[in-house]
Amino acid sequence: MPDIESLLKEKRVFKPDPEFKRQANWNKKTVDEYRKLGARSPERFWAKMAKKNLSWFTPWKKVLDWKPPFAKWFVGGKLNVSYNCVDRHLEGKNAWRRNKAAIVWEGEPGDSRVITYAELHREVCKFANVLKELGVKKGDRVCLYMPMVPELAIAMLACTRIGAAHSIVFGGFSSDALRDRINDAEAKLVVTADGGYRKGAGFPLKPAVDEALAGCPGVEKVVVVERIRDGASMVEGRDHYWHELMADASPKCKPAKLDSEHPLFILYTSGTTGKPKGILHTTGGYLTHVTTTFKAIFDIKDEDVYWCTADIGWITGHSYVIYGPLANGATTVMYEGVPTHPGPDRWWALIEKWGVNIFYTAPTAIRTFIRLGDEHPKSHDLSSLRLLGTVGEPINPEAWMWYHRVIGKKKCPIVDTWWQTETGGIMITPIPAGVPTTPGSATLPFPGIDAAIYDDDGNEVRHGDGGLLVVRKPWPGMLRGIWGDPQRYKETYWGSYDETYLAGDGAHRDKKGYFWIMGRVDDVMNISGHRIGTMEVESALVSHGDVAEAAVVGRPDEITGTAIVAFVTPTGTAEAGEELDKTLKAHVAKQIGAIARPAEIRFTDALPKTRSGKIMRRLLRDIASGKESTGDTTTLEDLSVLAKLRESEED
Ligand code: WTA
């Protein structure tokens with residue numbers, strides 16, 4: 001990332017194209033009208049959206065009940081998410097969507113499935129009945145640990161149909177990480193697959209589930225989707241094949257009428273301690289937020305094919321592969337594998353094959369494709385594209401311009417969308433037909449979102465100055481808490497400023513009031529758009545017998561945004577060297593997952609600490625990124641340590 005000074009000098013402005021504006025869902029507003037929309041009363045704005053965009057069984061009595069930091073939205077209202085995402089597209093004036101593609105799925109080997117809304121309805125009802133038969137009840141938690149297969153979408157919607165909360169664990173997480181998440185959420189059932197396809201080969205998933213379940217007494221049943229057919233071992237009485245259970249299931253299942261605040265899902269994300277946080281989202285507010293933002297920001301039309309490349313194991317997949325698109329009756333593409341198999345043009349081939357109109361991906365992917373060469377996108381017909389989006393990390397202006405030029409052929413608006421697992425849906429973003437864009441800026445808060453930048457004392461900074469990104473008023477998609485830990489919820493997000501949500505990101509606003517997100521200010525790293533806590537990696541490292549102490553920091557990386565660097569002090573009996581380096585990297589991958597594997601391990605006799613014993617992270621960060629350390633080191637307990645670290649840097 002270039003520094004803020006050079007970013008704020010970015011002068012390129014891309015005004016909405018009049019032709020795009022004419023056809024847009026949200027097209028009447030000038031940028032000033034957008035700034036005003038929902039500003040006076042976010043509650044009134046969101047209530048209007050909830051009424052317009054969702055179907056309710058029972059209307060709410062009160063829009064918002066705000067007892068900081070606990071919010072309830074649409075109190076007394078009753079609805080069902082699977083009804084909103086599926087059933088209502090089969091009825092009344094929408095009935096023509098019955099045979100419309102809901103999910104276009106492509107497997108990595110090239111197999112594909114197109115699931116219509118009518119078929120999705122049958123499958124969701126059937127699996128909801130399977131869940132019931134296996135003893136899952138309203139209020140229970142179900143863990144989904146799956147590759148990107150259509151059954152994952154079906155399982156999510158089936159959970160929402162009966163009021164069981166799902167907790168999706170990304171398939172790249174290890175068995176240890178899975179075990180902790182299952183136990184924390186007290187999930188009673190796990191849905192998984194024998195495996196999935198990645199980089200041209202099947203990878204097994206079921207063995208990790210078996211390993212995890214050795215430490216999960218609460219899990220009674222496991223449902224296994226057959227995907228790679230590697231003859232996974234099945235535990236008698238506990239494990240059942242998806243297709244066998246589905247064969248006998250009834251395709252009729254009434255959607256449960258759920259309270260607006262009924263738990264919808266838990267999704268674990270990294271924080272500043274070693275223990276991941278189970279972010280809780282509920283029904284009515286979350287669905288209002290994702291349905292409304294999806295319609296306005298991605299300008300979805302019934303004719304569109306929309307593709308978000310995120311894995312459903314992350315929040316982007318929850319909100320903008322499944323819930324937002326399906327609630328709008330859209331066609332959403334799901335792709336199972338890696339972007340570069342069988343060749344570096346796979347994504348562009350997919351856009352051409354399915355005629356994708358709207359494409360949403362991460363800056364890290366864009367940077368990877370820049371490096372792979374323009375010939376790959378250029379060898380495909382991408383003329384179906386009409387809108388592009390990015391999410392997950394700041395996008396550098398060069399990557400933005402490449403995306404605009406090479407993928408969008410200079411005719412597609414780009415929406416750079418800032419949000420988080422905790423916010424549920426998009427918070428800061430251009431409205432494509434209304435807000436001029438500038439490469440590198442996520443521009444303005446979505447209507448009904450009161451974002452600002454504060455200094456340490458809780459005063460709003462002047463435009464041009466930097467500070468901490470906050471949200472001053474509750475919004476419908478906001479997290480309702482951390483599962484089982486209200487205290488941590490209060491301290492993490494609401495402890496700094498009264499009744500104001502602290503996002504954990506640093507940001508600037510320019511003279512126009514546009515937001516420029518600078519990245520995390522806490523001990524959370526953003527690796528390829530995925531959040532990993534430094535503490536998580538540190539705890540994984542010190543759990544190894546050869547490690548006495550470890551400190552983990554991020555250093556800038558051209559492709560992944562941030563790369564993990566670990567400073568490790570081995571125990572007296574262990575020997576620093578290549579062997580231990582390999583062992584520890586594998587150990588972290590085993591403890592958390594491959595995404596947390598350090599790019600680099602540096603061995604040191606001791607870690608630099610302040611007198612009070614705090615590890616001097618800034619110093620380590622500087623050393624890791626090869627910068628001269630400008631920090632004050634006089635508080636170092638042992639300056640020779642710094643010298644030694646510098647030495648290792650010279651190697
Ligand atoms: C970062 C992903 C800059 C940010 C939806 C945030 C971004 C974290 C952007 C949340 C963006 C996300 N520009 N930074 N457009 N979008 N981030 O929970 O640091 O996986 O706090 O949610 O990603 O990551 P999470």
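What's counted below: heavy atoms across the whole structure, side chains too, no hydrogens, waters or symmetry copies. Order of appearance sets the numbers: ligands from 1, and atoms from 1 within every ligand.
Of all atoms in ligand 1, listed by their number and element, those nearer than 4.0 Å to a heavy atom of Asp505 are 4 (C), 6 (C), 19 (O), 21 (O). Atom numbering of ligand 1 starts at 1 in the shown order; those under 4.0 Å from a heavy atom of Val391 are 5 (C). Contact atoms of ligand 1 toward Ile315: 2 (C), 5 (C), 22 (O) (distance under 4.0 Å to a heavy atom of the residue).
Selection from Met518, Arg531, Arg520 by nearest heavy atom to atom 25 (P) of ligand 1 gives Arg531.
Using a 4.0 Å cut-off between heavy atoms, Ile428 makes no contact with ligand 1 at all. The proximity of Pro394 to ligand 1, defined as any non-hydrogen pair under 4.0 Å, involves the side chain as well as the backbone. Contacts between Ile517 and ligand 1 below 4.0 angstrom, taking non-hydrogen atoms only, involve the side chain exclusively.
For ligand 1, the polar-atom distance check against Thr417 finds a nitrogen or oxygen pair separated by under 3.5 Å. Considering backbone and side-chain N/O of Thr390, none are found under 3.5 Å from N/O of ligand 1. Between Thr316 and ligand 1, not a single N/O pair is under 3.5 Å apart.
Across all non-hydrogen atoms, the minimal contact from Leu157 to Leu326 is CD1-CD1, 3.9 Å.
Ion pairing of Glu422 with Arg480 is absent here, as no side-chain N (NZ or NE/NH1/NH2) approaches a carboxylate O to less than 4.0 Å. In this structure, Arg367 does not pair ionically with Glu398, as no charged nitrogen and carboxylate oxygen lie closer than 4.0 Å.
Using the six-membered ring where Trp is involved, Phe265 and His281 have ring planes that are tilted, between 30° and 60° apart. Between His289 and Trp46, the ring planes are tilted. Angles from 30° to 60° get that label. Between Trp307 and Trp347, the two ring planes are perpendicular [angle over 60°; tilted spans 30° to 60°]. The aromatic rings of Phe446 and Phe45 sit perpendicular, their planes meeting at an angle over 60°, well past the 30° parallel limit.
Residue contacts with ligand 1 include Gly392, since one of its heavy atoms falls under 4.0 Å from the ligand. Residue Trp419 places a heavy atom under 4.0 Å from ligand 1.
Rounded to the nearest 0.5 Å, atoms CG (Leu388) and CZ (Phe298) are 10.5 Å apart.
At the shortest separation from atom 18 (O) of ligand 1 among protein heavy atoms lies Thr421 OG1, 2.5 Å.
Side chain of Tyr403 to backbone of Gly389: a donor-acceptor contact under 3.5 angstrom is found.
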